[in-house]
Amino acid sequence: MELTFYIAAAVAVLATIMVITRYNMIHALLYLVVSFLAVAVVFLTMGAPFMAALEVIVYAGAIVVLIIFVIMMLSLTREDVEQEKAWLQPKLWMGPALLSFVLLAELVYLLVIAEMPAAPAVAGSYVDARAVGLALYGPYVLGVQLSGILLMAGIVGAYHLGRQKKKVIHRFLQEKEPQKERSAAI
Amino acid sequence: MEELLWLIPALPFAGALLLVLLGNRISRALVSAIGVGSVGISAAITLVLGIEYLTSRPSFIRQEVWQWFDVAGFSPSIAFHLDALSMVFIFVITFVGFLIHIYSTEYMAEDKDYARFFACMNLFVGSMLMLVMADNLLLLYLGWEGVGLCSYLLIGFWYKEPANGYAARKAFIITRVGDTAIAIGLFMLFQQFGTLHIQSISTEAVQVWTIGNETAVIIAFLLLGGAVGKSGQLPLQTWLPDAMAGPTPVSALIHAATMVTAGVYLIARMHVVFELAPAAMMAVAVIGAITLLIAGFAALTQYDIKRVLAYSTISQVGYMFLALGVGAWSAGVFHFMIHGFFKALLFLCAGAIILALHHEQDMRKMGGLSKKLPVVFYTFLIGAASLAAFPLVSAGFYSKDQILWLQLAGENGNIWLYLAGLLGAFITSIYTFRMVFLTFYGEEKTHVGHKPTWAITVPLIVLAVLSFAGGFIELPHNFGHVVLFSDFLAPILPAVSIVPDFTQYEWMLQLLAAVISLGGIFIAYLFYYKKPELIDSIHRSEFAMAVHRFWHSGWGFDQLYDALFVRPYVYLSKVNKSDFIDSFYTFLADATQGLHDLFSRSQTGIMRNYVAGIVVGAIMILTISLLL
Amino acid sequence: MTTIPMETGLLLAGVLFMLGLISVMIRRNIIFMLISVEIMLNAAGLAFIVAGSHWAQPDGQIMFIFILTMAAAEVSVGLALILQIHHQLKTLNSDAANFMRG
Amino acid sequence: MTLTDFQHLMPLLILTFAVLVSMLVIAVGRNHKIMYVITAVSFLAAFASLFELRDVGRYTIEPLLVVDGFGVFYIGMMLLAALLISMLSYAYFEQREERKEEYYMLLLLATIGACVLVISKHFASLFLGIEILSVSLYALIAYLRTRERSNEAGIKYLILAAFSSAFLLFGMALVYASTGTMEFAGIAAAIANFTELPLLLLTGFGLMIVGIGFKLSVVPFHMWAPDVYEGAPAPVTAFIATVSKGGVLGVLIRFFMEVDGFRYPTLVLIFTIVAIASMLAGNLLALLQRNVKRILAYSSIAHLGYLLVAFLAGNQMGVEAVTFYLVAYFITTVGAFGVVAMLSDKERDAEQLEDYRALLWRRPWTAAVFTAMLLSLAGIPLTAGFVGKFYILAAGVNTQLWLLVVMLALNSVIGLFYYIRIVAVMFQQPEAEAEIQPRGRLRPSIYVASVGTLTVLALLLVYIGVYPSGLLQIIQGLLVTSTAP
Amino acid sequence: MILVWLIVILMVGGVLAWISGKVNRALSRWVALGSVLAVFGLTLYLWLSNPVPVLGSAWLIQFTQPWIPQWGISFSLAIDGLSLLMLLLTFFIGLLAVLISWREIQTKVAFFHFNLLWVLAGITGVFLTMDLFLFYFFWEVMLIPMYFLIGIWGHENRRYAAFKFFIFTQASGLLMLLAILGLYFIHGNQTGVYTFSYFELLNTTLAPEAARLLMFGFLAAFLVKLPVVPFHSWLPDAHSEAPTAGSVILAGLLLKTGAYGLLRFVLPLFPTATVEFAPWAMLLGVIGIIYGAILAFSQTDLKRLVAYTSVSHMGFVILGVFAFNEWALQGVVMQMITHGLSTGALFIIAGFLYERLHTRDIRQMGGFWSTAPKMGVIALIFVMASLGLPGLGNFIAEFLTLVGSWQANNWLTVFATIGLVMATIYSLRIMQKIFFEANHMEQALPDLNAREMLIAIPMVAMILWLGLYPQSVLDTARPSIQEQLQAYTETPLEHEHVAEVAAPETETSVVNDVEWKPSSNFQISTSPNPSTSKASTPLIIKSSN
């Protein structure tokens with residue numbers, strides 16, 4: 001299990017590095033999918049299979065696909081890749097990278113020196129879909145309703161902002177989220 | 001009659017008020033009536049009161065008009081105090097003042113601001129009366145300052161000329177320097193005695209202080225400071241020659257009856273304190289001696305007739321100080337009175353001359369006036385004789401002689417003071433008769449315009465009579481021994497104690513004084529009438545001319561003060577006109593704006609920078625978490 | 001069941017988070033910025049899962065679901081906006097959108 | 001979920017219901033006026049329903065929400081603010097040809113988010129509340145799509161908000177990892193025994209502060225504020241400045257009071273630095289700014305700094321002071337943006353200082369109201385802002401936060417300058433006759449609601465400024481039930 | 001209740017004046033005049049009906065109404081002799097301010113009068129209130145209208161001046177607020193009673209360190225308002241840029257609030273701290289006297305010149321306040337009143353000149369005496385008042401102050417007295433440059449008209465009355481001054497310089513019988529403090545009774 005975790009973690013990190021260094025957006029997005037998949041594996045090793053599935057479906061599926069759609073709609077060309085290359089000059093990213101590195105160093109240091117709380121007595125951290133579902137529709141049901149409202153806000157906003165001459169986008173945006181029904185449930 | 005006491009100062013004040021209110025809307029005749037009349041009635045009341053006072057001889061008369069204010073035991077009143085000393089002063093002020101007022105009706109007849117002139121003159125007389133009649137020092141201070149104000153207004157009467165304004169301000173400011181000293185003296189007196197009532201202080205002082213008490217000395221010196229300022233004594237004498245900028249009657253009033261004698265009055269009035277402070281007494285005498293010499297020498301070199309008279313005033317007041325300084329109180333006051341007469345006379349004569357010569361004041365352009373203006377000539381001669389202490393027949397001889405004699409005979413006397421006085425007398429007679437010869441003899445250089453009429457001649461004659469006869473009320477021991485004046489003052493001012501066995505030399509000293517005086521006159525005659533070329537030969541000498549210039553400028557005091565005080569003050573003020581403290585606040589404001597610019601630059605509008613901002617914040621927070 | 005220590009999981013989340021962060025800071029392309037933010041959100045979600053698995057509670061996973069929801073809403077609105085911006089500015093350069101400053 | 005739960009969530013239900021109704025109405029046919037009425041009525045109804053909850057004590061809906069006096073007061077405050085903002089919006093949007101109806105829906109949704117925030121007692125509800133608020137705001141800010149700056153503002157807010165949300169989430173995750181619970185009370189219980197916070201938890205708190213600080217636009221997370229304020233429509237700006245910040249501040253107070261974060265010098269130090277930096281930077285940035293909306297943005301940064309001073313006082317009085325100040329700040333900010341909205345025309349918002357030149361001569365009453373608002377922001381007596389500032393100073397002095405208090409006083413002085421500067425511009429003599437004429441406007445009846453709202457606000461401002469006792473009583477009455485653990 | 005009416009009449013009058021301006025411009029002038037006359041009449045009635053306050057308590061009327069009970073704030077007004085005098089001055093000056101604006105203000109007349117009346121209302125509040133919160137409240141209330149007065153109707157540089165004025169006073173005011181709060185909590189913690197009531201807070205016992213800090217808080221506000229030298233730089237700008245009425249109110253009233261605050265709050269609240277600070281405060285006063293005088297001399301802008309004279313004159317106030325004895329405090333009270341009149345009058349004259357010449361530059365003036373003698377005489381009187389000529393009110397003020405301060409500190413008093421010479425220097429310059437010398441202006445200068453004489457004559461009468469018979473004012477102020485000084489009667493400072501009091505054999509001794517209460521700070525003592533090193537000799541007291 002541990003080995004799986006470490007491999008998946010390494011893949012995730014590497015894929016993410018690839019994401020942030022690609023000039024071509026589609027390439028980057030494909031790496032992003034890899035990264036998400038790797039994280040899904042990590043979830044599995046962490047004993048959260050349901051989440052692993054959601055990660056794949058929603059992140060790697062819905063969200064990335066949505067972005068790809070938009071990219072396609074904007075019909076990005078070869079020049080945009082060149083442009084991207086030009087934007088990613090080392091002198092431009094050195095400063096921010098340094099800042100981030102400081103932050104990372106601090107965070108890592110803090111995490112490493114921090115004494116972790118002891119795990120609870122109950123052994124085994126496997127939390128299955130059932131437990132999650134019970135919690136979600138038990139105590140957290142209000143949260144579900146609230147996320148419905150959240151999605152409604154997102155939809156209304158996207159609808160208003162995305163409205164353009166081209167009807168196509170309009171329809172895409174409207175259909176993108178299946179959770180819409182839930183928002184109406186409140 | 002005693003109830004009328006308050007009217008003496010009130011009438012001139014009322015006259016002034018009336019003239020201010022009515023201003024130029026009323027006729028000149030009415031203005032004269034109010035102006036002259038108010039002082040005239042005051043003089044009349046003074047006369048009546050004086051007679052009554054002489055007959056009944058109370059120690060003093062006090063009249064409280066109202067309580068001025070009362071704060072925690074500090075309760076001065078508007079109250080008048082009449083005793084022999086103030087009597088003398090009131091007499092001189094009202095009578096001489098009255099005469100000068102009469103004289104002014106003619107002298108100022110042509111002036112546009114006739115009403116203003118009389119308003120100020122009345123105010124002047126009123127303030128001076130207030131000064132000498134005050135029963136407490138605060139009221140005295142009121143009069144004291146009022147005199148300063150009036151001198152300012154009158155010296156700068158012809159205000160269009162900036163120089164006059166300068167002279168006026170100079171007078172006011174310099175005398176105010178002295179006033180500051182008095183004020184501090186008053187604070188100390190109040191702290192000591194809890195009151196500023198003069199009589200109380202006089203009675204308390206002897207009980208509280210022993211002779212030479214430090215506080216007493218300080219107070220005496222502070223009072224002296226004030227006296228020096230008003231009386232034009234060293235080192236605050238510089239305003240007085242410039243004060244000639246005002247109309248001549250004003251000069252007469254300032255020099256004869258009012259202002260300059262205020263210092264003499266103050267010292268005489270506070271003699272108890274001074275007697276307890278021998279050092280201050282000595283200072284008074286020394287100041288008097290030095291001043292009389294300096295002013296004498298300066299007078300020698302002046303060409304402006306009024307300036308000569310001005311320096312002579314300084315010099316004569318120096319004699320008074322000399323007298324007061326050795327404790328010869330009544331001699332000082334006596335000289336004050338006589339000086340009041342003859343100085344008023346001289347000034348009024350000078351005024352008549354100036355008026356006749358179309359406002360020409362330079363003696364070099366005068367001459368041969370004895371024929372044209374006979375009344376003026378003879379009265380001037382009497383005045384000059386008095387000033388030069390012409391032996392036996394002039395009042396000035398008796399008063400000055402008394403002072404000189406007491407320098408040796410008095411217990412506090414001192415041979416050096418005597419010699420200074422003697423030298424002063426010599427110079428006095430030189431410059432006095434220099435004036436006489438330059439003005440009235442020789443050939444006529446300027447056409448005589450205005451001939452004086454009665455309003456000028458009557459005051460001249462009256463004053464001439466007083467200058468001539470005034471001396472006979474106080475004659476030396478060996479000389480009739482009339483002591484009317486000192487007897488009159490005896491209850492107020494202690495007699496000077498005479499060194500025993502000195503009386504027999506008195507006639508020698510008198511002779512010496514007479515010789516000195518006559519010698520001075522002779523030299524003047526020689527230089528300025530008989531052989532004017534002698535002067536020219538002197539003028540050829542470089543050194544003599546330097547000395548001449550030095551004396552002419554009043555021993556360079558003006559330049560000294562200019563460099564020492566005036567210019568630094570003006571420079572300090574001008575250089576800091578825009579207030580350097582303000583620049584500190586301006587700097588604050590600028591710095592804030594600078595910070596604003598700095599911060600504004602961070603708002604680039606570029607999102608990535610904002611992200612960086614958040615990251616920096618995160619780093620900051622984590623760093624704090626790490627370090628603490 | 002897992003023996004992976006929590007700090008390792010959190011470290012992974014932290015590293016992913018930082019990578020996203022770097023990307024947000026160095027990328028000028030708005031879409032890339034959006035993607036980078038998604039990486040960060042995902043990393044945060046991972047952290048929740050790690051913590052949840054450590055405490056053997058479903059709460060962490062539930063938070064992940066909420067994050068997922070939020071990310072979706074975010075991306076939809078964000079993309080709509082990006083379309084608008086591209087429409088207006090004809091570029092995806094975030095630095096070009098700097099009319100407001102000072 | 002029981003029926004009583006629903007009763008206690010009545011205001012939120014009403015708002016949600018209103019959103020749904022709105023959606024249906026839009027589906028039937030678009031009508032600005034109807035939408036406007038529905039919104040206003042629902043805000044009113046929600047507010048009215050609060051009166052039922054006056055004596056609620058402390059009602060918890062496990063594990064997410066808690067309804068108590070504090071929450072009720074904050075909800076009421078935000079509902080009123082939202083109501084007033086919606087009142088002001090009518091005239092503003094009427095003259096723009098955009099589709100106006102969604103605006104009201106989004107406004108309702110955003111308000112729901114803010115309300116959830118202040119009654120949340122759990123990270124999940126906190127997070128959801130914030131996100132509902134944010135996501136609605138993304139669209140609201142960019143609502144006027146045709147204006148070139150609104151997209152810019154929208155995308156800036158979106159990216160940065162999501163970015164900071166990530167920090168917030170990561171922080172929450174760390175806290176959760178450290179304590180094993182996401183309930184405030186649970187966290188409090190978990191750390192109660194520590195005298196010093198464990199590093200993991202501290203890191204978590206620190207990262208959360210980043211997220212919260214962003215929403216509060218405190219330095220150094222403030223940079224978005226001026227741009228967004230400038231780009232957003234004036235009523236939306238008012239909403240961001242008031243409801244959005246009020247909600248976040250509410251939950252911050254609740255959380256901190258619950259866990260008693262004031263015991264930890266690290267956290268206090270962080271907040272102190274943030275407060276001072278906010279006051280200074282906000283005021284300095286506003287100093288010579290010529291765009292009124294940006295000035296108000298910077299000033300709101302500074303005001304958040306002031307609020308943090310009272311927040312740091314950390315006791316009952318501090319909470320009262322924050323609350324009171326918030327009320328004053330709400331009134332003032334809504335009023336100020338209301339004036340901006342009212343003076344705006346079709347093309348652009350009245351945001352340049354030049355737009356206000358000689359306003360006193362053109363529209364004396366508007367100028368007077370704006371002056372009153374600015375003076376209140378500056379903390380001048382007779383206005384609510386004065387009493388608020390006084391309260392904050394009192395709280396600060398009481399806890400002897402001398403540094404903060406002195407900084408506050410100093411900054412008030414800097415602040416004075418730019419508030420007064422606007423006033424001075426309004427009071428300038430008109431240079432030409434042309435300036436006296438008002439710019440082209442819609443028919444007056446449109447403005448009735450705006451004028452009425454501004455009048456109410458101005459009266460409220462003065463009333464609270466002169467007689468704060470009443471409000472004080474309400475605050476103390478409601479808060480005393482909740483902050484006592 | 002009458003006290004509330006004073007404020008209410010002014011505030012309502014202000015609003016009415018604003019509204020009535022819509023009807024008719026002249027109407028708002030009359031409304032303003034009417035309201036100020038009404039309050040002036042009321043106050044005058046108060047004064048005349050209560051000439052001597054009851055012994056034992058200085059307070060004449062009190063009015064208290066809870067305002068914000070949660071914080072222990074009440075709407076508490078009270079009047080004693082000091083307040084009464086200040087109110088009389090306020091309304092008198094207010095009346096003049098309305099009158100002088102009659103012709104000068106031609107734009108936004110209604111709003112002008114609104115502001116004018118509200119400034120007066122604020123000042124009235126400051127002088128009346130006995131609740132520290134309310135005090136601060138009014139303290140700030142008076143600033144806004146003043147800001148508008150300067151900022152709207154001022155001269156060329158008005159905005160700058162208005163900003164400066166506002167920021168200076170606000171900054172200092174906030175420090176005072178902090179101090180008030182500090183006091184509030186200290187008192188609350190001590191007694192458990194949280195209140196802003198002045199009377200309650202008087203009983204607070206303070207640690208020396210706390211007292212010092214709190215005192216500085218209060219001082220900050222008052223010293224800036226007064227103003228004392230390093231903090232004075234707002235004053236010349238504000239005074240010179242304000243319209244005439246504004247300058248008059250600034251100089252005549254606003255500065256007095258600082259002095260009033262010192263008397264009313266700083267002295268009784270922090271007795272020990274003030275004694276410590278006294279030499280420094282007096283030093284500041286002396287620096288102010290001299291610095292102001294020097295700067296006044298070189299100014300060419302008439303109003304600026306007069307403004308610097310205010311700086312100089314206010315130096316006497318702080319000098320006197322920190323002398324802690326009745327003479328000095330009476331002097332301070334007198335100074336407040338007389339300076340209000342004399343400087344106000346000088347500003348009015350500057351206003352008259354500006355109306356006629358449209359310049360304030362004295363270099364362009366000169367020789368106006370010949371065409372405008374009335375103005376000249378009146379200017380002369382007030383110039384003389386400003387240099388402290390005896391017989392005019394300012395002399396009494398300055399002399400009493402100096403007498404008092406001499407008891408406290410000799411050397412500083414000496415320097416302060418030198419300030420009188422400098423006052424002469426700058427004062428005479430005013431006369432010289434404006435009324436004397438040659439007239440090099442083209443236009444003729446018309447003399448004062450009837451309305452202007454109506455303004456000037458009462459001021460002349462007042463200043464003369466105060467100079468010649470100030471007793472009624474002093475009597476009114478005495479009880480409250482003694483009350484302010486109560487805390488100092490036991491301080492060693494007082495023993496240091498007790499003077500020997502000899503009984504004058506005049507009527508004054510009769511007066512002493514009445515006034516020599518033991519409560520007077522002027523204590524009879526036979527044991528001079530050995531620590532004194534002054535030249536003053538130990539004293540022997542001989543009480544008059």
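Throughout, protein chains are lettered first and strands after them, A, B, ... in sequence-line order, and every chain is numbered starting at 1. Predicted model, so just to flag it, every value in this text is computed and none were measured.
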Peer 1: Could you grab the distance from atom CZ of E:Phe148 to atom CG of D:Leu360, nearest 0.5 Å is fine?
Peer 2: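 These two atoms lie 8.5 Å from each other.
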
Peer 1: Before we go on, tell me: are the rings of D:Tyr419 and E:Phe166 under 6.0 Å apart, centre to centre?
Peer 2: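 When the ring centroids of D:Tyr419 and E:Phe166 are compared, they turn out to be at least 6.0 Å apart.
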
Peer 1: Pick one of side chain, backbone, both or neither for D:Gln473, based on which atoms fall under 4.5 Å of a heavy atom in chain E.
Peer 2: both

Peer 1: Might you confirm whether atom CH2 of D:Trp402 has over 12 heavy atoms from other residues, nucleotides or ligands at distances under 6.0 Å?
Peer 2: yes

Peer 1: For chain E, which candidate among D:Ala424, D:Ala394, D:Ser412 shows the most heavy-atom pairs at distances under 4.5 Å?
Peer 2: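 The candidate making the most pairs under 4.5 Å is D:Ala394.
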
Peer 1: Name the region of E:Leu177, side chain, backbone, both or neither, that has any atom closer than 4.5 Å to a heavy atom of chain D.
Peer 2: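 Contact with chain D: side chain only.
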
Peer 1: Just checking, is any N or O donor in the side chain of D:Ser469 or E:Gln70 under 3.5 Å from an acceptor N or O on the other one?
Peer 2: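 Per modelled atom types, D:Ser469 and E:Gln70 side chains form a pair under 3.5 Å.
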
Peer 1: Could you go through D:Ile420 and E:Gln170, starting from their C-alpha distance and side-chain angles, then the distance that decides it, and tell me whether this counts as side-chain contact (heavy atoms from CB on, under 4.5 Å)?
Peer 2: CA-CA 12 Å; D:Ile420 292 298; E:Gln170 273 284 333; over 6 Å; no

Peer 1: Output the option from E:Leu178, E:Ile73, E:Leu175 having the highest count of non-hydrogen pairs under 4.5 Å with chain D.
Peer 2: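 Of the options given, most contacts go to E:Leu178.
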
Peer 1: Do D:Phe386 and E:Tyr136 have their ring centres less than 6.0 Å from each other?
Peer 2: yes

Peer 1: Classify the angle between the aromatic ring planes of E:Phe133 and D:Phe390 as parallel (below 30°), tilted (30 to 60°) or perpendicular (above 60°).
Peer 2: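 The rings of E:Phe133 and D:Phe390 stand perpendicular, inter-plane angle above 60°.
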
Peer 1: Using a 4.5 angstrom heavy-atom cutoff, name the option from D:Ile414, D:Asn398, D:Leu416, D:Ile380 with the most pairs to chain E.
Peer 2: D:Asn398

Peer 1: Taking the ring of E:Trp71 and the ring of D:Tyr391, is the distance between their centroids below 6.0 Å?
Peer 2: yes

Peer 1: Specify the closest pair of heavy atoms between D:Pro381 and E:Val141, including all atoms of both residues, with the distance to one decimal.
Peer 2: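 Closest approach of D:Pro381 to E:Val141, heavy atoms only: CB-CG2, 3.9 Å.
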
Peer 1: Would you say that D:Val405 contacts E:Leu181 through its side chain, given a criterion of any heavy-atom pair below 4.5 Å between the two side chains?
Peer 2: no

Peer 1: Are E:Trp67 and D:Pro468 close enough that some pair of their side-chain heavy atoms sits under 4.5 Å apart?
Peer 2: yes

Peer 1: Supply the atom-to-atom distance E:Arg159 CZ to D:Arg421 CZ, rounded to the nearest 0.5 angstrom.
Peer 2: 7.5 Å

Peer 1: Measuring from E:Ile152:CD1 to D:Gln428:CD, what's the distance to the nearest 0.5 Å?
Peer 2: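 The distance works out to 10.5 Å.
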
Peer 1: Using a 4.5 Å cut-off on heavy atoms from C-beta on, say whether the side chain of D:Leu382 contacts that of E:Phe137.
Peer 2: yes

Peer 1: Supply the atom-to-atom distance E:Tyr147 OH to D:Phe427 CZ, rounded to the nearest 0.5 angstrom.
Peer 2: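 Here the interatomic distance stands at 8.5 Å.
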
Peer 1: D:Met317 versus chain E, heavy atoms under 4.5 Å apart: side chain, backbone, both or neither?
Peer 2: side chain

Peer 1: For the atom pair CG (D:Leu375) and CD1 (E:Ile144), what is the distance rounded to the nearest 0.5 Å?
Peer 2: 5.0 Å

